[in-house]
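Remarks on the structure that follows.
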Amino acid sequence: MLRRHDVWGRTAHHKQFPRAVFRLPRHRLARFLNRLFATDGTASVAGGGSARLAYCSVSEQLARDVQHALTRFGIRTKLRERSVKHRSERRRAFEVEVVDAPSQLKFCDEIGILGQEMAVLRAHAKGAFEQHQFTLDVVPAEVWDDIDKAKGDLPWAEISRRCGRPASHDWHVGRRGPVRRETVAQLAEVLDDDQLRWWASPDIGWDDLVLPERPLTVLRSLTAFLRHRDLVLDEWGFGRRSGRAQGLVAMFAGDSGTGKTLAARVLAAELGLELFRIDLATVVSKWLGETEKNLDRVFAAAQGANAVLFFDEADAVFGRRSDVQDSHDRYANLQTAYLLQRMERHDGPVLLATNMRGNVDDAFLRRMDAVVEFPFPTSEFRLRLWELLLPPEAPRGADVDLGFLAERFELSGGGIRNAAIAAAVLAASEGVAIGMGQLVRGVAMEYAKHGRLTLAADFERFHELVRSGGSP
Ligand SMILES: Nc1ncnc2c1ncn2[C@@H]1O[C@H](COP(=O)(O)OP(=O)(O)OP(=O)(O)O)[C@@H](O)[C@H]1O
Ligand SMILES: [Mg+2]
């Protein structure tokens, strides 16, 4: 098909789409893209839980054409120039990356790639998508049926009035999309409806977090502080004497996949607050002055929304810089100082996550109200994680030995989650229950992502299976 459409007919650097391709009907264009991605596309899922889906070509025009064609499916991409190794020389290449989880999902649904990676990517993009939705903290669209029931014949204008909103308030009744949890909670109160209260209650809690006693205790006390701080600081007068704002700044430190993001979600859910998740690496702009503006915007938005601010990849800003080497470093120090100041002025909770505790400046750590350590799970905790992350509804084979998996394989909670999803995808595609054959292959896929060896000593009787990549 590619040959017929003449993509290969030119020298590598000048390949482009034959113009006729843009006139193809949607399903044929999808098929065309599918073939292109099958040859020069990559799909992978990284340890930290981010999925990557990209197409690379030495022809800039071809890359732009791919990007253009993808927009027809509503798939958002980023084009960047890279240098790739070809034989022993370096070459310029152009990469089109599908950027966000909703776009990755659309790609999976409409275009698709063959093979196992796709199945895992899909499961992953879905997870990330749901997480993203959770960050916005919305209740699924099904809630509308119950809103209708609870509302009865009461006019919307009256409901608006009871909520203290203008009669003309737009409830997006026509759209019937997902609804913010906060809104559902408000409706539950004014309509006095238990079903709506049930929808509005958060769907994760402490039970979803497998951690040793120590970090759990700190997390619980942070939550308690945040819940009662108004009473203690304002009404009991404790706030008057402390100069700084009444927020709380805490750092979550631990390896990738140990539950930092999950803990932030639980904390926000327990407090009934929204979680604003900000990737600091993307906020920290290369251009002077931009970072401050970006940060100001984030803090102002959080203040308005009564949200927990969660800065991921905090090491981007708080990395240790013992000696200032150039103007860029000096500037980075200014940024750090600015963020610190801004955090202390903020009167809501601020959480920061880092993978590199050792890399965070001590002066900075001293200014935290709390540091929560997320340890890499020991085999005892890995067993609890396996039990939690293989849902009871999933069909489970008789041979499943979670003790073996927990004992043998040093995976983080995130690794266990990925391995469990991969195993479930394998089982579903093979039409069987999830058994050891699928689980160890899920583990092996997780090992492969991190470039770890699958040793016979660990995999034992499953080693042959993992090496051949085949089915039992
Ligand atoms: N301690 C844990 N208890 C329960 N589930 C966990 C735990 N750690 C990880 N998981 C599972 O792994 C998933 C990924 O973990 P999470 O995103 O919280 O890791 P993280 O520490 O934020 O990693 P990163 O540093 O890469 O951002 C969670 O959504 C959860 O399903
Ligand atoms: Mg995280």
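Counting starts at 1 for both ligands and their atoms, in listed order.
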For Leu389, the atoms of ligand 1 under 4.0 Å from one of its heavy atoms are 31 (O)

One finds that the ligand 1 atoms under 4.0 Å from a non-hydrogen atom of Leu385 are 2 (C), 3 (N), 4 (C), 5 (N), 6 (C), 7 (C)

Those residues at least two apart in sequence (or on a different chain) that pass side-chain hydrogen bond (donor to acceptor under 3.5 Å, both in side chains) with Arg197 are Glu189, Asp192, Asp194

Short version for Arg417: what comes under 4.0 Å of ligand 1, heavy atoms counted, is side chain

Under 4.0 Å from one or more heavy atoms of Asp208, ligand 1 contributes atoms 3 (N), 4 (C), 5 (N)

query = Under a heavy-atom criterion of less than 4.0 Å, does Gly257 contact ligand 1?
reply = yes

Less than 3.5 Å between some nitrogen or oxygen of Asn355 and one of ligand 1, yes or no?
yes

* Counting distance only, does the side-chain N/O of Asn34 pair as donor-acceptor with the main-chain N or O of Ile111 below 3.5 Å? -> yes

**Prompt:** Do Arg382 and Glu407 sit within salt-bridge range, that is, some charged N less than 4.0 Å from a carboxylate O?
**Reply:** no

Exercise for review: Start with the C-alpha gap between Leu219 and Leu211, add the side-chain angles, then the distance that decides, and say whether side-chain contact (heavy atoms from CB on, under 4.5 Å) holds.
Suggested key: CA-CA 10 Å; Leu219 286 168; Leu211 284 175; 3.9 Å; yes

Using 4.0 Å as the upper bound for N to carboxylate O, is an ion pair formed by Arg80 and Glu95?
yes

### Message
Regarding Thr261, does it place an N, O or S atom less than 2.8 Å from the Mg ion (ligand 2)?
### Response
yes

So the atoms of ligand 1 within less than 4.0 Å of a heavy atom of Leu209 turn out to be 3 (N)

The option among Ile421, Thr258, Asn418 carrying the non-hydrogen atom nearest to atom 8 (N) of ligand 1 is Thr258

*Hey, is ligand 1 close enough to Leu262 that some N/O pair sits below 3.5 Å?*
yes

Margin query: Has Asp369 got a side-chain atom pairing as donor or acceptor with Val249's backbone, closer than 3.5 angstrom?
Written below: yes

Heavy-atom side-chain proximity of Trp386 to Phe381 below 4.5 angstrom = no

| Between Gly259 and ligand 1, does any nitrogen or oxygen pair lie at a separation below 3.5 Å? | yes

| request: Report yes if Thr261 has an N/O atom closer than 3.5 Å to an N/O atom of ligand 1; otherwise report no. | output: yes

If we number the atoms of ligand 1 from 1 as shown, the ones under 4.0 Å from a heavy atom of Leu211 are 1 (N)

I'd like to know if Lys449 pairs up with Glu446 as an ion pair, taking the criterion as any Lys NZ or Arg NE/NH1/NH2 lying under 4.0 Å from an Asp or Glu carboxylate oxygen. yes

Under 4.0 Å from one or more heavy atoms of Val210, ligand 1 contributes atoms 1 (N), 2 (C), 3 (N), 4 (C)

Next item on the list: Determine whether the side chains of Thr223 and Glu270 contain a donor N or O and an acceptor N or O closer than 3.5 Å.
Entry: no

